[in-house]
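These numbers come from the heavy atoms of this one structure, side chains and all, not from hydrogens, waters or symmetry mates. Start at 1 and go down the list; that is how both ligands and their atoms are numbered.
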Amino acid sequence: MTTGTDTAAADTGTAATTTDLAIRTTGLRKVFRKQRAVDGIDLAVPRGSVFGFLGPNGSGKTTTIRMLLGLSSATDGTIEVLGEPMPRALRSVLPRVGALVEGPAFYPYLSGRANLARFDAADPTSDPRTRKARVAGALDRVGLTHAADKKAHAYSLGMKQRLGLANALLTPRELLVLDEPTNGLDPQGTREVRNLIRSLADDGTTVFVSSHLLAEIEQVCTHAAVMRTGSIVAQGPLDELRAAGARTVTVRTPDVGQAGVVLTRLGLQPRRDGGSDVLVADLTADVAPETITAELVRADVRVRGLAVGGGTLEDLFVALTGEGFDVAG
Ligand SMILES: Nc1ncnc2c1ncn2[C@@H]1O[C@H](COP(=O)(O)OP(=O)(O)OP(=O)(O)O)[C@@H](O)[C@H]1O
């Protein structure tokens with residue numbers, strides 16, 4: 001994992017090359033008038049990953065995604081998508097990429113099914129002979145079969161979102177880019193999108209998914225990047241990101257003095273917390289909780305309780321951005 005200013009290449013290991021990456025940016029920047037919406041980011045999205053692009057509202061996720069897809073030009077920096085330079089290789093790259101960005105504009109007086117057929121017909125790479133079956137398959141995959149023949153203007157926000165997802169699934173793609181795909185969905189719909197993302201990943205599709213809802217992403221992603229005001233503040237495999245969240249050990253004992261000596265000897269910095277019998281210390285990577293337990297016992301410290309806390313993606317996010325994450329939605 002990298003945080004702060006480390007290079008993105010390190011995130012995927014030193015062996016990572018351009019061909020291992022579905023998306024790679026270097027120094028990507030977008031300035032609106034004087035506002036730096038995206039401030040020189042180095043993204044490295046491994047092929048085959050489900051990559052969570054996380055950050056609070058306004059942190060620059062949509063602006064980044066629009067540049068990745070050639071919908072908006074970069075002020076500075078480079079972009080490679082599926083190994084090809086963007087936007088130069090737009091024509092050859094886009095047919096390999098499915099995208100859901102800011103809910104596509106549907107024809108309001110056409111049904112969901114007819115809308116998808118129109119979008120598919122507008123795609124010069126799609127096969128008209130299989131269109132009907134592919135449209136039906138995509139509607140089924142997003143749970144819209146029952147409403148397929150309803151006019152789009154009568155769709156709820158969640159149904160429109162599903163139709164947008166179906167549009168991205170009309171043909172198999174190497175990469176799917178989904179901007180806040182669960183917007184407008186209820187908890188059941190959100191679960192379905194998560195399952196859909198999992199099944200797409202099982203098929204070998206790389207999924208790049210943005211969200212400000214940590215809980216949704218954490219359950220489905222293999223990798224993530226955390227954005228804060230236009231910059232990436234952490235990036236890497238989810239396990240490593242979680243491990244980087246500050247973990248603490250809390251020891252409850254009548255022998256606080258002796259326990260403090262043991263913890264200090266292990267290289268930790270214990271502090272009194274709460275009641276007079278409670279010691280807390282931030283864990284370091286080289287001290288396992290079981291080592292602490294063993295050393296306390298060896299030193300005849302009477303332990304009433306020992307708990308390890310923290311170590312979640314939310315802990316890391318709060319530590320890096322100083323903001324709470326909207327976990328409830
Ligand atoms: N076309 C634009 N003109 C001027 N400023 C813009 C424009 N688009 C985005 N911004 C600004 O750039 C910043 C980043 O916005 P962006 O939409 O990329 O964030 P985001 O992380 O996707 O947030 P959200 O989850 O709310 O969509 C915001 O401060 C926004 O106001």
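Distance from atom 11 (C) of ligand 1 to its nearest protein heavy atom, with residue and atom name: Q35 OE1, 3.6 Å. For atom 1 (N) of ligand 1, the nearest non-hydrogen atom of the protein is F32 CE2, 3.5 Å. For atom 23 (O) of ligand 1, the nearest protein heavy atom (residue, atom name, distance) is G58 N, 2.6 Å. In terms of protein heavy-atom proximity, atom 15 (O) of ligand 1 is nearest to T63 OG1, 3.8 Å. The protein heavy atom nearest to atom 26 (O) of ligand 1 is N57 ND2, 3.1 Å.
Ion pairing of D120 with K132 is absent here, as no side-chain N (NZ or NE/NH1/NH2) approaches a carboxylate O to less than 4.0 Å.
One side chain, T26 or T78, offers a donor N or O that lies under 3.5 Å from an acceptor on the other. In summary, the side chains of R198 and N195 do present a donor paired with an acceptor at a separation below 3.5 Å, with no hydrogens or angles considered.
For ligand 1, the polar-atom distance check finds no N/O of T64 at less than 3.5 Å from any of the ligand's N/O atoms.
At a 4.0 Å heavy-atom cut-off, ligand 1 does not touch H212 at all.
Contact between R33 and ligand 1 is absent, with no heavy atom of the residue lying under 4.0 Å from the ligand. For the ligand labelled ligand 1, residue S59 lies inside the 4.0 Å heavy-atom shell.
Other residues, nucleotides and ligands contribute only 12 or fewer heavy atoms inside 6.0 Å of the CZ atom of R36. Within a 6.0 Å sphere centred on CZ of R29, other residues, nucleotides and ligands contribute more than 12 heavy atoms. Crowding of Q219 atom CD: a count of heavy atoms from other residues, nucleotides or ligands under 6.0 Å exceeding 12.
Of the listed residues (K61, K34, R36), the one carrying the non-hydrogen atom nearest atom 20 (P) of ligand 1 is K61. Closest heavy-atom approach to atom 27 (O) of ligand 1 among the candidates T229, I65, T62, L54: T62. One option in A37, P56, G60 has a heavy atom closer to atom 12 (O) of ligand 1 than any other, and that option is A37.
In this structure, the side chain of D277 does not engage the main chain of T253 through any donor-acceptor pair within 3.5 Å.
Annotation for V256 and S276: closest pair CG1-O, 3.5 Å, computed over non-hydrogen atoms.
Within the listing of ligand 1, atoms 25 (O) sit less than 4.0 angstrom from a heavy atom of E180.
Between H223 and F51, the ring planes are parallel. Angles under 30° get that label, and only those over 60° would be called perpendicular.
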